[in-house]
Amino acid sequence: MYISFDPQTGKIEFGTGRSTREFKGKSLLNFIDEYIVFDLETTGLDPSYDDIIEIAAIHIKSGSVIAEYQSLINPGYEIDEFITNLTGITNEMLYDAPGIQDILPSFIDFLGDHILIAHNANFDINFLYDNCIVHLGKPLSNDFVDTMRLGRWLFKDLPNHKLDTMLEHFKICGCVEHRAHTDALNVYRCYEYMKKYATENGIDIKELIKKKKTHFKVSNITATVYNFDESHPFYQKVVVFTGALEKMVRREAAQIVANLGGICADTVTKNTNYLVLGNLDYCKTIRDGKSTKLKKAEQLKLAGADIEIISENVFLDMIAER
DNA sequence: TCTCCTCGAGATCT
DNA sequence: CTCGAGGAGA
């Protein structure tokens, strides 16, 4: 089920399929001084079927709490045992609580234009976004920072990036209570910990991303062994890959070639000796099933160049131990 | 070189 | 959702 919103007419549409939420704010990876960390408890995981039962937000400036907002919310029906066990929130507790429509205007006012922070932020943002459209007739467009995403960049080696795991690793006391206010407080501690960690270690996330994005090239791969079998067909031959290999990733294949004394290259030229053909099906932009590398190789072969076009299976046979 | 595209795999939230 | 692998085009 999806919700769509037209800002011109203010019209809201419900339908089947995926929500686009096209007015959602951007997911940032910044460390900022002033923000609002928040958390929701809900009756389940799906914003189109489930409802918010607790909401909490903490306004932080320069590392200190300057304002807080929190409330239980009556969803208009009985919540099930699973959620009560998980959160400790009971139907008695929700009986006198206000409805979401009573809370939302003041809550959104509290959020203002500030950047929002949450763990797995898309979960909370999506719930809030949909509720804003239904009850306020306008989307939630605040940019936000996801502490889980941040954690994945800064602490890649953790077994997982659940809030609990990160709290434990950061030696922040208390575990996830599944109550909005305490969880929000823990997310705030997590964020400040990572901010301090990045500053102290001179880590800039933007640089981290940039480094990863520098396009991987097989031509940068060098041999890790030094005694080559000079009779191997790849010895001192130039090898190029096209398409996705089934049995291994390109990096592994290129390393094997390099260790056989071969030379890996990124593009097909008149010096190329072998073009290894992977699967090209997945690429929609290839209409005739042939990549530019393959077309060029066929052209060169017709012109009499010393180039062979081989399938993955042939390639695997060639690199197999004898 | 750089930007933009598609696809599949994997993870987290209640 | 986000990321990585891979391709195309400027």
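Below, all heavy atoms of this structure are taken into account, side chains as well, without hydrogens, waters or symmetry copies.
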For the residue pair Phe170(A) and Phe155(A), does the interplanar ring angle fall in the parallel (under 30°), tilted (30 to 60°) or perpendicular (over 60°) class?
tilted
For DNA chain B, which ranges pair as stems of 3 or more consecutive Watson-Crick or G-U pairs, with both donor-acceptor distances under 3.5 Å?
B:1-10 with C:1-10
When you group the ILVMFWY residues by side-chain heavy-atom contacts below 4.5 Å and let the links chain together, are Ile53(A) and Leu128(A) in the same group?
no
Tyr35(A) ring center near Tyr191(A) ring center (under 6.0 Å):
yes
Report, as yes or no, whether the 6.0 Å neighbourhood of atom OH on Tyr77(A) holds more than 12 heavy atoms from other residues, nucleotides or ligands.
yes
How many whole angstroms separate atom CG of Leu45(A) from atom C1' of dA11(B)?
13 Å
Provide, to the nearest angstrom, the distance between the CG atom belonging to Asp39(A) and the P atom belonging to dT12(B).
16 Å
Could you check how far CG of Leu208(A) sits from C1' of dC3(C), rounded to whole Å?
14 Å
d(CZ, Phe82(A); P, dT14(B)) in whole Å:
10 Å
For residues Asn160(A) and Thr165(A), is any side-chain donor paired with an opposing acceptor at under 3.5 Å?
yes
Rounding to an integer number of Å, can you tell me how far Tyr49(A) OH sits from dC13(B) C1'?
18 Å
Go through Glu192(A) and Lys196(A) one step at a time and tell me if the salt bridge (charged side-chain N to carboxylate O under 4.0 Å, His left out) criterion holds.
CA-CA 6 Å; Glu192(A) 291 295 332; Lys196(A) 189 163 172 240; over 6 Å; no
So, for Phe38(A) and Tyr69(A), is the gap between ring centers shorter than 6.0 Å?
no
Classify the ring geometry of His59(A) against Phe110(A): parallel below 30°, tilted from 30° to 60°, perpendicular beyond 60°.
perpendicular
Any donor-acceptor N or O pair under 3.5 Å, side chains Asp33(A), Ser62(A):
yes
For DNA chain B, what residues of residues 113-127 of chain A have any heavy atom nearer than 4.0 Å?
His119(A), Asn120(A), Phe123(A)
Would you indicate what Ile53(A) reaches in the nucleic acid, counting non-hydrogen atoms under 4.0 angstrom: base, sugar-phosphate, or nothing?
nothing
Within residues 154-173 of chain A, which residues have any heavy atom lying less than 4.0 Å from an atom of DNA chain B?
Asn160(A), His161(A), Lys162(A), Leu163(A)
Across the strands shown, which category fits Asp183(A) at heavy-atom distances under 4.0 angstrom: base, sugar-phosphate, nothing?
sugar-phosphate
With salt bridge (charged side-chain N to carboxylate O under 4.0 Å, His left out) as the test, would you mind laying out the steps for Asp130(A) and Arg21(A) before giving the verdict?
CA-CA 8 Å; Asp130(A) 291 357; Arg21(A) 299 195 181 93; 2.8 Å; yes
May I have the distance from Arg152(A) (atom CZ) to dC1(C) (atom C1'), rounded to whole angstrom?
9 Å
Starting at atom OH of Tyr129(A), determine the distance to atom C1' of dC1(C), rounded to an integer number of angstrom.
16 Å
Any chain of hydrophobic side-chain contacts (each under 4.5 Å) joining Val65(A) to Val145(A)?
yes
Looking only at the side chain of Thr242(A) (C-beta and beyond, no hydrogens), which of the listed nucleotides dT14(B), dA11(B), dG7(C) gets closest?
dG7(C)
Please determine whether a side-chain nitrogen or oxygen atom of Arg149(A) lies at a distance below 4.0 Å from atom OP1 or OP2 of dC3(C).
yes
Among dT14(B), dT2(C), dA11(B), the one nearest any side-chain atom of Thr42(A) is dT14(B)
Of the nucleotides dT14(B), dG4(C), dT12(B), which one has an atom closest to the side chain of Trp153(A)?
dG4(C)
Do His181(A) and Glu68(A) meet the criterion of a side-chain donor-acceptor pair at a distance under 3.5 Å?
yes
